[in-house]
Amino acid sequence: MDNKYEILKKYFGYDTFRNGQEPLIDALLSGNDVFGIMPTGAGKSICYQIPALMLTGMTLVISPLISLMKDQVAALNQAGVYAAYLNSSLTQGQYFKALGFAKSGKYKIIYVAPERLLTESFLDFAVNADISFISVDEVHCVSQWGQDFRPSYLKIPDFVRQLKKRPVIGAFTATATAQVRDDVVKILKLREPKIVTTGFDRKNLSFFVSHARDKKSELFKILREHYDESGIIYCITRKLVDEVYGLLSERGIEAAKYHAGMSDGERMRSQDAFTSDRARIMVATNAFGMGIDKPDVRFVIHYNMPKNMESYYQEAGRAGRDGEKASCYLIYSPQDVHTNQFFIENNRENEELSETELEQVWAKDRERLKQMTFYCHTRYCYRKYMLNYFGERAERFSGSCGNCLKKLAAADYGAADIPGPGYAAGVLLKKPEPLKRKASENPALFEKLRLLRNGIAKENGVPAYVVFTDKTIREMSIYLPENRGQLLQISGVGEAKYERYGSMFLDEIKRYKEGREDADVPVTAHEKIRF
């Protein structure tokens, strides 16, 4: 069996692990339970996918996210790994066909919704299968103190008890307060788990809050700054989603929309349009995004204030998953508070809870809403407020949030607010950062490679980033690889993807270098937009 570094490169195209991944992987391979608390975009899936490929038996990934299951299974199959998902999106015939393949040992990784665990058909399969590892994703859902409590997660311990042998268990989430962490360990009965918290600070993200009387004008002001970039606009109600989507469409902006009032087919087509870059902007309720792994989202706009910091952190965190700089905006109005209070008081989703338990959940939700409202009104650093909320210490000054930038513009920070003399000299004297050498990035070639990538994705019926991310093809356009060995050095190019697509990208780069490229780059989105 290949070692973890060989598997990382072979299947995922990376040379090194990110912060926190390796200790979790090592613990799982040693037979220890783990609990990984890692922010959106930190690479949680690698932490359970690599052990799944190295352990002898099968791995179950328990997740409530249909979109995540589909995308990760598609990505694994593209990388040369047999994987499948079992959830409500399958017809009965598709479900039993996949279950039959699973019984024959075809799949190394199976994604399953928690509601399926104790069904007769799945339990009959599981008790006779060689399951060596169970990974529980979005594990904060197991705790009633978590922001997305799902009673179906409470079935997991009962499911594990019915297996012939207890597999090693991994628990993963992006957000968990201390109380939620304790709940997870207790409810899932984790055995002396290796706990890794990589921190909540996403340094590539900048945060802004505006108190605008005219939200529409503020929205288009932001969009003008991101005219040719991929982004998400979150709205608090379906009606607002339809309204904002209509505003964008009237102005010729290529957008899609997503909310629970649409049919499954409509939502799927919208999601496909966004992930394949046919629509640069997605307008959605919070029903969209959990499990969406689109790495090149450059901005997230909250047209309304979310109901809690956990939701805001997760939703805003869908920007910049590729590690490149991205911006997160929140357009606040007092009405947002009243709307969220209404939703809290009328929440009847958890019907299995008693009235007393429901009152406890509502009280916690009201407290979370209060903390979210305080965030929108703070005069200090938004990043510091967010990190403090999740129990992390932070500098008073980040230099990358709306409040910090306003303070800088007004020369309003004292020496005690600045994290070090070098920083103060560079920022307060307003020395500009050196510009990146745009000429070396070959924008014309990048656009050609992007269109090639999008065409391949469409032909294969997968999201564009499943073929190659924007970050990967941008590296190709800079380094101009000429052969297999050079292309495999590009981050995100593994052996399986090279075998599938490598020659096509090398040919496109060769044509460009020989000067046979077309002079005209395709019309970009911003040339069509009327603000």
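Quick note: numbers below take in every heavy atom, side chains included, and nothing from hydrogens, waters or symmetry partners. Since this is a predicted model, take the numbers as computed values, not measurements.
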Tell me whether [X] is salt-bridged to [Y], with the criterion being a basic N under 4.0 Å from an acidic carboxylate O.
X	Y	result
Glu367	Lys370	yes
Arg368	Asp365	yes
Arg269	Glu266	no
Lys458	Asp277	no
Lys471	Asp296	no
Asp242	Lys239	no

- Task: Take Tyr111 and Leu76 through the test side-chain contact (heavy atoms from CB on, under 4.5 Å) and record every step on the way to the result.
- Result: CA-CA 12 Å; Tyr111 288 76; Leu76 286 167; 3.9 Å; yes

Is there side-chain contact between [X] and [Y], with heavy atoms separated by less than 4.5 Å?
X	Y	result
Asn304	Lys215	yes
His140	Asp183	no
Thr237	His259	no
Tyr153	Leu188	no
Leu248	Phe220	yes
Leu223	Ile281	yes
Asn340	Thr373	no
Val61	Tyr85	no

Rounded to the nearest 0.5 Å, what separates atom [atom1] in [X] from atom [atom2] in [Y]?
X	Y	atom1	atom2	answer
His302	Ser210	NE2	OG	13.0 Å
Ile62	Leu117	CD1	CG	4.5 Å
Ser327	Ile222	OG	CD1	9.5 Å
Met309	Phe200	CE	CZ	11.0 Å
Gln271	Asp71	CD	CG	6.0 Å
Leu330	Asp336	CG	CG	7.5 Å

- Check step by step if side-chain contact (heavy atoms from CB on, under 4.5 Å) holds for Tyr380 and Asn403. CA-CA 6 Å; Tyr380 300 102; Asn403 280 344; 5.6 Å; no

What is the minimum heavy-atom distance between [X] and [Y], and which atoms define it?
X	Y	result
Arg383	Lys203	NH1-CA, 3.8 Å
Ser152	Glu115	OG-OE2, 3.2 Å
Val241	Val283	CG1-O, 3.5 Å
Lys294	Thr275	CE-CA, 3.9 Å
Pro39	Arg202	CB-CD, 3.9 Å
Cys328	Ala316	SG-O, 3.6 Å

Any side-chain to backbone donor/acceptor pair from [X] onto [Y]? Under 3.5 Å, distance only.
X	Y	answer
His211	Cys376	yes
Thr173	Ile37	no
Asn308	Tyr312	no
Arg267	Met262	yes
Ser249	Gly246	no
Gln21	Ile46	no
Asn442	Ile478	no

Whether the [X] and [Y] side chains hold a donor-acceptor pair (N or O, under 3.5 Å, no angle test) is what I'd like checked.
X	Y	result
Tyr389	Gln371	no
His226	Tyr329	yes
Arg321	Tyr465	no
Ser276	Arg278	yes

- Task: Would you sort out whether Asp228 and Arg298 count as a salt bridge (Lys or Arg N to Asp or Glu O under 4.0 Å), showing the intermediate values?
- Result: CA-CA 10 Å; Asp228 194 23; Arg298 297 270 67 85; over 6 Å; no

- Query: Parallel, tilted or perpendicular: which fits the ring planes of Phe288 and Phe274, with parallel below 30° and perpendicular above 60°?
  - Reply: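 Judged by the thresholds at 30° and 60°, the geometry between Phe288 and Phe274 is perpendicular.
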
- Item | Of Phe207, Tyr313, Tyr375, the residue whose pairing with Tyr382 passes ring pair (Phe, Tyr, Trp, His ring centres under 6.0 Å) | Tyr375

- Task: Answer yes or no for Lys307 and Phe343: cation-pi contact, defined as NZ/CZ to six-membered ring centre under 6.0 Å and angle to ring axis within 45°.
- Result: no

- Could you walk me through whether Ser270 and Met282 pass side-chain contact (heavy atoms from CB on, under 4.5 Å), step by step? CA-CA 8 Å; Ser270 286; Met282 175 64 80; 4.2 Å; yes

- Message: Would Ile473 and Phe446 count as a side-chain contact (heavy atoms from CB on, under 4.5 Å) here? Give the steps.
- Response: CA-CA 7 Å; Ile473 60 176; Phe446 171 78; 3.5 Å; yes

